Undergrad: 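Let me begin by handing over the structure; questions about it come next.
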Amino acid sequence: AAVRVRARGPSVTSWRRRASEAEPVPSPSVASQPLSVKVTRAFVIMATEEAGSPSKSLCKIMTFQPTMEEFKNFSKYVAYMESQGAHRAGLAKVIPPKDWKPRRNYDNIDDLVIPTPIQQMVTGQSGLFTQYNIQKKSLKVKEFRNLANNDTRYCTPRYLDYEDLERKYWKNLTFVAPIYGADVSGSLYDEDVGEWNISRLNTILDVVAEESGIAIEGVNTPYLYFGMWKTTFAWHTEDMDLYSINYLHFGEPKSW
């Protein structure tokens, strides 16, 4: 079972799809096996596959660390990443410059409402699983944080290393359904952040919003995701084979 997101513990992510303004190039899709890429306070850009693409088994997932000057032009830097073949692995990691911050602080988000959190019930065995999402009543971020950090049902178990934690994930996948604060419309970015602002990436999708007045949630508007131990989402092909971009604001690393 390929997994797009596996949270090691509480985390908050901004996410949206994007259209590349670079010259179209073949790009690969979902992996048939889980990928182990740990992400901490970084962007992840994901691609989907076209016929005739090279096998991802021959490609490695690349990590990029742009300078602040390179970071200022989103589309140009993504085109550079493609020129290095990053898209062929289906996923790439971008570590922002140290001086860049999407938000000055996160101390004032406790009262932000997660309107429709879901409880993720998983059934199955031997690598084949089905997930059922059960909608729960709304929660404030401080309530979600308390569940994730203090409720023993949902806390991350003790582990020796990442491989040990991954074994515990698969062993306990069908027990104690976690709660996922998914698809929360909005952004945690400060309005004056110009670089890699998921609310306005200056791609063709923003043109659709500005010139046509069409907002497609999660496509040309951002979503927030509040995760805890074992919250999971299956890796999938995006609408119209667009790339997707994610930024992990804070919390435990995520596994892709």
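These numbers come from a predicted model, not from an experiment.
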Undergrad: Show your working on ring-ring contact (aromatic ring centres under 6.0 Å, His included) between H249 and F226 and close with a plain yes or no.
TA: CA-CA 10 Å; H249 285 275; F226 296 83; 9.2 Å; no
Undergrad: With side chain to side chain contact (heavy atoms under 4.5 Å, CB included) as the test, would you mind laying out the steps for L139 and L147 before giving the verdict?
TA: CA-CA 10 Å; L139 290 170; L147 281 175; 4.1 Å; yes
Undergrad: To the closest 0.5 Å, what do you measure between CH2 (W100) and CZ (F71)?
TA: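 Here the rounded value is 5.0 Å.
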Undergrad: Check H87, E238, E82 against Y243 for a side-chain hydrogen bond (donor to acceptor under 3.5 Å, both in side chains) and give me the one that passes.
TA: E82
Undergrad: Side chains of Y77 and E195: any donor to acceptor distance under 3.5 Å?
TA: no
Undergrad: Could you state the interatomic distance from NZ (K230) to CG (L173), rounded to the nearest 0.5 Å?
TA: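 The distance works out to 6.5 Å.
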Undergrad: Indicate yes or no: at least one non-hydrogen side-chain atom of D192 is less than 4.5 angstrom from one of R104.
TA: yes
Undergrad: Could you tell me whether the side chain of K168 and the main chain of R158 form a donor-acceptor pair under 3.5 Å?
TA: yes
Undergrad: What is the distance from atom CG of N149 to atom OG1 of T156, rounded to the nearest 0.5 Å?
TA: 8.5 Å
Undergrad: Would you sort out whether I114 and E143 count as a side chain to side chain contact (heavy atoms under 4.5 Å, CB included), showing the intermediate values?
TA: CA-CA 10 Å; I114 302 170; E143 294 173 313; over 6 Å; no
Undergrad: Are V207 and S212 side-chain neighbours, meaning at least one heavy-atom pair lies under 4.5 Å?
TA: no
Undergrad: Tell me, do V184 and P115 make a side-chain contact under 4.5 Å, heavy atoms counted?
TA: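 SC-SC contact between V184 and P115 confirmed.
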Undergrad: Please check if V122 and I134 belong to a single hydrophobic cluster, counting links between Ile, Leu, Val, Met, Phe, Trp and Tyr side chain heavy atoms closer than 4.5 Å.
TA: no
Undergrad: Over 60° means perpendicular and under 30° means parallel, so tell me whether Y180 and F233 are parallel, tilted or perpendicular.
TA: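 Judged by the thresholds at 30° and 60°, the geometry between Y180 and F233 is tilted.
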Undergrad: Where is the tightest heavy-atom contact between P117 and K137, given as atom of each residue plus distance?
TA: CG-O, 3.1 Å
Undergrad: Check the side chains of N133 and Q131 for a donor-acceptor pair under 3.5 angstrom, ignoring hydrogens and angles.
TA: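 The answer is yes; a qualifying pair exists.
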Undergrad: Can you establish whether the number of heavy atoms outside M68 located under 6.0 Å from its atom CE is more than 12?
TA: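 Yes, enclosed.
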Undergrad: Between F144 and M228, is there a side-chain heavy-atom distance shorter than 4.5 Å?
TA: yes
Undergrad: Checking side-chain polar atoms at under 3.5 Å, does S255 have a donor or acceptor matched by the opposite partner on Y169?
TA: no
Undergrad: Can you find a side-chain donor-acceptor pair between Y225 and T231 that sits under 3.5 Å?
TA: no
Undergrad: If I take atom CG from residue L242 and atom OG1 from residue T237, how far apart are they, to the nearest 0.5 angstrom?
TA: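 Spacing of CG (L242) from OG1 (T237) equals 11.0 Å.
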Undergrad: Inspect the surroundings of CG in N150 and state if more than 12 heavy atoms from other residues, nucleotides or ligands are less than 6.0 Å away.
TA: yes
Undergrad: Where do L205 and V219 come nearest, in terms of heavy atoms and distance?
TA: CD1-O, 3.5 Å
Undergrad: Do I109 and V113 sit in one hydrophobic cluster, given that two such residues count as connected whenever their side-chain heavy atoms are within less than 4.5 Å of each other, even indirectly?
TA: no
Undergrad: Is the ring pair Y247/F43 parallel, tilted or perpendicular, if the boundaries are 30 and 60 degrees?
TA: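 Answer is tilted, since the angle falls between 30° and 60°.
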Undergrad: Distance from D190 atom CG to N105 atom CG, nearest 0.5 Å?
TA: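 Here the rounded value is 8.0 Å.
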Undergrad: Do N202 and D206 have side-chain atoms, one donor and one acceptor, less than 3.5 Å apart?
TA: no
Undergrad: About how many Å separate CD1 of I216 and CE of M240, when rounded to the nearest 0.5 Å?
TA: 8.5 Å
